[in-house]
Amino acid sequence: MTVFGQVQPSHPWEVWDYKTKPVRGGYFRTASNVDVGVLNPNHLPITDYDLISYVYERLLNTDGSFKPVPWLAESWTFPDQLTCIMKLKKGIRFSDGTPFNAEAVKFVEEWIMDPKNECWSAAWLKPLKSIDVVDEYTIRWNFKEPWGAFLGIMANLPGFMISPKALREDPNKCDGYPVGTGPYLFENRSPGNWIKLKRNPNWWFGKSVGHPDMPYFDGILTNVIPDPSVKLANLRVGKIDSMTLEKPQYEMVKNDPNLKVFLTPLNYLRGYRFNHSRLPFSDIRVRQAVAYAINRRALIAGVEFGLGRIASCVYPEDHWAHNPSLPPWPYNPQKARELLKEAGYAGGLNIVGHVYNNPQSRTRAEAVKGMLAEVGINWKMDVLDAVTIEDRVKNLRYDLATGDFPRIDDPELMATAIFHPSGGRNWGRSKNEAAIPLIEKGCQEIDMGKRQDIYFRLEKALYDNCEDIWLFWEMSPIAFSKNIMGYNHDMEVKHKRVWTHTHPLWFKEGRP
Amino acid sequence: MRPLIPKVRSGSLIATLLRQRLPFIGILIICMLTLMAVIAPFISSHNPYSQDLYRVLEKPSQTHWLGTDNLGRDLLARVIYGSRISLYAGLVSMAISAVIGILVGLIAGYCGGAVDNILMRITDAFMCFPYFIFVLALAAAIGPGINNVIISLSLLGWTGFARIIRGQVLLVREMPYIEAARAIGMPEYKIMFRHILPNSLAPVIVAASIFIGRAILTESGTAFLGLGAEPPTASWGKELRAGFTHLERAPLFSVTPGFMITLAVMAFNFLGDGLRDALDPRLRRGNIACEEK
């Protein structure tokens with residue numbers, strides 16, 4: 001095995017032991033269901049974070065267990081509970097030539113926090129008091145209160161570094177014409193049809209690790225193709241090079257000799273939420289009955305085509321905050337009936353709720369409805385649009401309702417949002433006395449080891465109280481055409497985002 | 001004196017219909033569909049609601065003649081039960097629409113003047129809206145459920161009936177026998193309902209039969225887009241949508257309900273055409289219906 005340009009790895013993902021030498025060239029063509037939307041991660045609507053992170057990079061990245069790792073920021077220390085000293089990488093420039101330094105970070109974060117810029121991500125920075133520039137590449141963050149999720153947040157949306165020059169000149173232009181430090185630059189777009197990025201010849205990362213050819217593609221062309229079957233047809237005839245498959249499509253193409261198909265675990269929870277504020281689900285026995293009545297294995301096999309990992313609690317099994325000692329809830333309809341009888345619902349139970357109006361969510365809910373009917377629970381499940389759902393959630397007009405949670409990065413966001421009475425998705429539906437102090441502690445703890453312990457205990461508290469129905473953690477099938485090289489699936493699963501960013505793909509002979 | 005528009009004698013009408021090929025086929029299909037809907041529990045060997053998640057999207061077999069759907073339910077049973085929803089939606093919304101439309105048209109046509117003007121402008125206003133889009137919006141606004149779809153279908157569907165009836169009433173009310181009825185002091189409502197209405201009904205029957213076909217299609221359309229009958233109720237439009245995702249793996253899943261929708265709509269249109277030909281005095285003699293196409 002030949003090793004090219006090896007530098008002493010300081011991180012486990014810093015290995016590039018390719019069997020064939022990467023070659024430059026070609027536009028990588030992919031497809032998306034919807035237009036990417038606004039190209040400033042702090043403004044809405046934005047639909048494709050993968051595309052955004054080709055252009056913008058975050059201060060921190062995340063590793064295989066979603067722990068923050070250095071990216072644009074090199075290292076950090078916490079001298080006390082309310083301060084973080086962060087050292088930035090040197091010699092990085094935005095694509096418009098502006099240097100990336102402490103001033104730039106300060107400008108971007110303050111721009112996000114300024115209410116007149118209407119950034120939806122500003123709420124994430126609430127605990128931030130002020131930012132001091134210590135020297136050109138050192139920055140001091142001052143917090144209002146101890147901020148456990150700080151690093152996680154900097155590895156998330158507010159961590160995206162936008163050129164201060166571009167923001168200063170015309171922030172509105174930034175919404176359509178992004179200027180970042182990432183491997184690709186914005187080239188052109190036809191809103192609703194396609195968006196084209198071109199290679200950033202000055203990308204700092206490739207040069208810093210001795211692979212100046214990175215990224216290898218000349219550019220990336222993302223077509224908007226709403227229909228999944230049309231997308232697949234395009235992939236099959238070679239009009240696009242890669243796509244995220246729909247679950248039913250996986251079975252059809254997994255043995256296709258012209259494609260490489262992989263299953264990627266996602267940090268996405270699928271489940272249903274109880275309304276604890278009223279009967280019947282203020283009674284733990286009824287909650288347990290529902291949990292026992294659902295056959296998760298069959299659900300994944302039938303509705304998800306085997307693509308899903310049975311969930312035992314909220315954080316995915318490969319997340320650092322997940323407590324591995326919790327077994328998934330067993331399927332036991334007999335037990336469910338007994339519990340219902342004990343709770344006084346021997347003659348049957350009528351509950352109401354809602355799910356989103358898309359085929360996948362509808363089918364899943366229909367299957368669960370059938371399972372609940374088996375034990376005598378009649379779930380009147382309305383299939384609704386997002387606005388109506390928002391209204392019902394706010395006014396607690398449901399018993400059992402859709403409860404997915406996408407993009408679980410730092411555990412604090414989800415814990416507060418769903419399980420804390422002050423959370424943006426709670427509205428008084430759940431008030432777990434054992435969990436609330438843990439959530440608050442998790443917000444404030446900086447030490448990673450102690451944080452992990454807190455979230456393990458939080459998961460246990462939620463589990464013991466049968467807080468919600470956790471069905472499965474998502475898996476997503478992805479397909480590449482055969483001449484896409486450099487995709488190492490095992491490593492992608494092991495190191496996730498940081499691997500994807502450090503291991504760009506290439507075309508076999510430098511052309512599609 | 002003989003009225004200009006002949007009073008329908010049901011015996012001769014059916015005989016006329018059965019003599020023509022397409023209406024005959026239409027009637028046959030409608031009878032079969034109705035029978036299927038009525039005796040659904042007796043002819044389907046499977047429960048349309050019992051799911052088996054380990055056997056989804058199976059190919060046709062001895063146990064499942066058309067295979068299974070995306071939750072492992074018997075597709076044939078689902079399609080058979082689906083006919084209930086479609087026929088129910090078609091017939092009920094036609095009935096409601098016809099009642100509203102006939103009342104409005106009758107009053108407008110008979111009273112004339114300002115009343116006519118106001119009622120017809122309201123009708124025009126309703127007709128301005130694109131039918132399907134308004135049904136969708138309305139069904140979404142008043143909430144899911146087959147009855148709400150029927151309500152929205154009827155709230156918009158009556159305009160056609162009103163127009164047709166009004167036109168007929170304008171014709172009929174000038175007839176000498178209406179004048180005679182008025183002369184002997186018959187109350188207005190009696191003239192309207194006893195004399196004008198029965199003599200204006202013929203074209204409504206045609207419109208009604210075509211309306212049913214259109215309503216079935218619209219109901220399927222709304223179900224396809226996620227409104228309409230709530231799960232797990234079987235409905236053709238819903239099955240079509242669910243199967244659409246799996247077109248490559250289980251083609252029958254969407255083709256069968258699609259075929260049933262086509263069949264039902266076609267049958268009601270054949271019947272409508274036949275009725276029109278049979279009731280139109282100018283086409284009474286001979287079999288012009290087929291030549292006309």
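Just so you know, these numbers use all the heavy atoms, side chains as well, and skip hydrogens, waters and symmetry mates. Just so you know, these numbers come straight off a predicted model, no measurement behind them. The chains referred to below are lettered A, B, ... by the order of the sequence lines, with proteins before strands, and numbering in each begins at 1.
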Quick check on B/Arg241 against chain A: is it the side chain, the backbone, both or neither that has a heavy atom closer than 4.5 Å? side chain

Is it true that atom CZ of A/Arg236 has more than 12 heavy atoms of other residues, nucleotides or ligands lying nearer than 6.0 Å? yes

Flag if over 12 foreign heavy atoms under 6.0 Å of NZ, A/Lys239: no

Give the C-alpha distance, both sets of side-chain angles, the deciding distance and a yes or no for side chain to side chain contact (heavy atoms under 4.5 Å, CB included) between A/Val303 and B/Leu71. CA-CA 7 Å; A/Val303 180; B/Leu71 291 176; 3.6 Å; yes

Proximal component of A/Glu251, with respect to chain B [non-hydrogen, under 4.5 Å]: side chain

Check A/Glu246 with B/Arg249, please: is the shortest side-chain N to carboxylate O separation under 4.0 Å? no

CD1 of A/Ile300 to CG of B/Leu53, rounded to nearest 0.5 Å, is 11.0 Å

Can you tell me if CE on B/Met32 sees more than 12 non-hydrogen neighbours from other groups inside 6.0 Å? no

Within 6.0 angstrom of A/Phe262 CZ, more than 12 heavy atoms from elsewhere: yes

Considering non-hydrogen atoms only, spot the tightest contact between A/Pro248 and B/Thr245 and give its length. CG-CG2, 4.2 Å

With a 4.5 Å limit on heavy-atom distance, are the side chains of B/Leu57 and A/Phe305 in contact? yes

Out of A/Ala298, A/Pro228, A/Ala301, which one racks up the most heavy-atom pairs below 4.5 Å with chain B? A/Ala298

Those residues of residues 358-386 of chain A, ordered by number, that approach chain B below 4.5 Å (heavy atom to heavy atom): A/Pro359, A/Arg362, A/Thr363, A/Glu366, A/Ala367, A/Lys369, A/Gly370, A/Met371, A/Lys380, A/Met381, A/Asp382, A/Val383, A/Leu384

Is B/Tyr54 in contact with chain A via its backbone, its side chain, both, or neither, using a 4.5 Å heavy-atom distance? side chain

Tell me, yes or no, whether the heavy-atom count around A/Arg309 atom CZ, taken from other residues, nucleotides or ligands under 6.0 Å, exceeds 12. yes

